[in-house]
Amino acid sequence: MSTSTVVNTRAIVTRDAGKGRLIAPSPGRSRARVIQIVLGVVAAALILVYLSPIVWLVLTSFKDRVDIFSSAPSVFFTPTLENYRQAFLEKGFTDNLLNSTIVGVVSTGIALLVGVPAAYSLSRVRKGETFMMALLAARLLPAMVLAVPLFVLASSLGVRDSYFALIAAHLTFALPFTVWMMRGFFLAVPISLDEAARLDGCGEWGTFLRVILPIVKPGLASTGIFCLINSWNEFLFALVLTGRHTQTLPVAIPSLITPIGTSWGQVAAVGTVTILPVLIIAFIVQKHIVAGMTGGAVSAE
């Protein structure tokens, strides 16, 4: 039976071509449509509110000092790359960007390399919850509690102002987070898949690498990106464990605030470059992140 929509000035009705009757739309469908429109408007407004500081940061990074300190905020201006040149070529923020990249990538890689197999094993043994609670307790420790002992230990071993000290410090929160997150994804995978793989001749590592790990790729992507974000933005450990050679971007940015003034254009330029790498990676793996954020919520237990 074919139908066609007739638009009236007062209401929308549906004509049944077979019987020639006019059927008014149900109130429930109209109400759902109105609610959907309202939610869309609210979501767009929230996105605008959250993105406006980032947009203004990017715009400020391309302004000269006159436009930055103009009495009326300027949206239309002549862009310049002077702030980027001064920050990254003259003041050496390129080295800080490299330090952040090395520490973030290596600490995330080690956390995944060690934490993912650990999470898989804890999801397949009984009484793994006891160990998980111990990991959670370690994760809940305030960073300040660990900062001073790590500083003393690094100084006594002579590894302060080195990548090793900062990466080890970042693993104190990245590794428990990885184990805790990935265990939820592994619990969502039925144990019957492990048993079927072993019947086909796979060993423990073969089952893990060839059968189970491809299934939890969304969880792996979301866990990795969150570990990278935490390491990239970490400030306290980087403040106490780094020096002139290994300073990361979050620690180096305050050096632009001096007693004689603040270089706001350069602060905006460094801030823009700081958010770009993680933003690009998140954009590339966004499909896996969305799937991973919901995939581990269901447990097979």
Side-chain angles (χ1 to χ4, degrees), residues 98 100-140 163-234 237 277-301:
L98 179 62
S100 292
T101 303
I102 293 174
V103 172
V105 171
V106 174
S107 61
T108 301
I110 295 176
L112 293 177
L113 187 64
V114 177
V116 173
Y120 172 67
S121 63
L122 288 172
S123 69
R124 293 300 188 260
V125 298
R126 295 181 178 180
K127 298 183 179 180
E129 289 76 10
T130 303
F131 188 77
M132 294 303 298
M133 293 305 297
L135 276 179
L136 181 61
R139 182 67 181 88
L140 292 177
Y163 293 129
F164 174 80
L166 188 56
I167 290 171
H170 284 190
L171 286 175
T172 60
F173 59 81
L175 194 55
F177 175 81
T178 300
V179 175
W180 186 268
M181 285 286 293
M182 290 304 301
R183 182 175 181 267
F185 293 106
F186 286 125
L187 286 174
V189 180
I191 300 180
S192 58
L193 290 180
D194 304 56
E195 297 171 349
R198 292 191 182 93
L199 288 176
D200 289 338
C202 287
E204 292 290 341
W205 281 103
T207 301
F208 171 66
L209 295 175
R210 299 177 183 176
V211 179
I212 305 300
L213 200 58
I215 299 176
V216 298
K217 279 196 300 184
L220 197 64
S222 59
T223 303
I225 194 67
F226 282 121
C227 284
L228 181 61
I229 291 174
N230 289 334
S231 177
W232 191 267
N233 294 327
E234 198 279 322
F237 290 153
V278 177
L279 193 64
I280 293 173
I281 296 174
F283 179 78
I284 294 173
V285 299
Q286 61 176 333
K287 179 175 66 175
H288 297 294
I289 293 176
V290 174
M293 291 176 66
T294 57
V298 181
S299 175
E301 287 184 343

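Given the structure is predicted, the values throughout are model-derived calculations rather than measurements. Atom set for the values below is all heavy atoms of this structure, side chains included, hydrogens, waters and symmetry mates excluded.
Looking at Tyr120 and Thr207, their side chains come closer than 4.5 Å, going by heavy atoms from C-beta outward. Between Trp205 and Pro117, the closest side-chain pair of non-hydrogen atoms falls below 4.5 Å. By the 4.5 Å heavy-atom criterion applied to side chains, Val106 and Val103 are not counted as neighbours.
Shortest non-hydrogen contact noted between Val105 and Leu228 is N-CD1, 4.1 Å. What you find for Pro214 and Leu209 is that their closest heavy atoms are CD-O, 3.4 Å. Across all their heavy atoms, Cys227 and Phe177 have their closest contact at SG-CD2, 3.6 Å. The two residues Leu171 and Ser107 come nearest to each other via the heavy atoms CD2-O, 3.5 Å. The two residues Val116 and Phe186 come nearest to each other via the heavy atoms O-CE1, 3.4 Å.
Atom CD1 of residue Ile229 and atom CD1 of residue Ile225 lie 5.0 Å apart, to the nearest 0.5 angstrom. Distance OG1/Thr108 to CD1/Ile167: 10.0 Å, rounded to 0.5 Å. Here the CG-CD1 distance, from Leu279 to Ile284, works out to 10.0 Å after rounding to the nearest 0.5 Å.
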Might you work through the side-chain contact (heavy atoms from CB on, under 4.5 Å) test for Val211 and Asp194, ending with a clear yes or no? CA-CA 8 Å; Val211 179; Asp194 304 56; over 6 Å; no
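Note: His170 and Phe173 have tilted aromatic rings, judged against thresholds of 30 and 60 degrees for the angle between ring planes.
Formation of a donor-acceptor pair under 3.5 Å by the Thr223 side chain with backbone atoms of Leu220 is not found in this model.
Glu204 pairs in a salt bridge (Lys or Arg N to Asp or Glu O under 4.0 Å) with only one of the listed residues (Arg124, Arg210, Arg198), which is Arg198.
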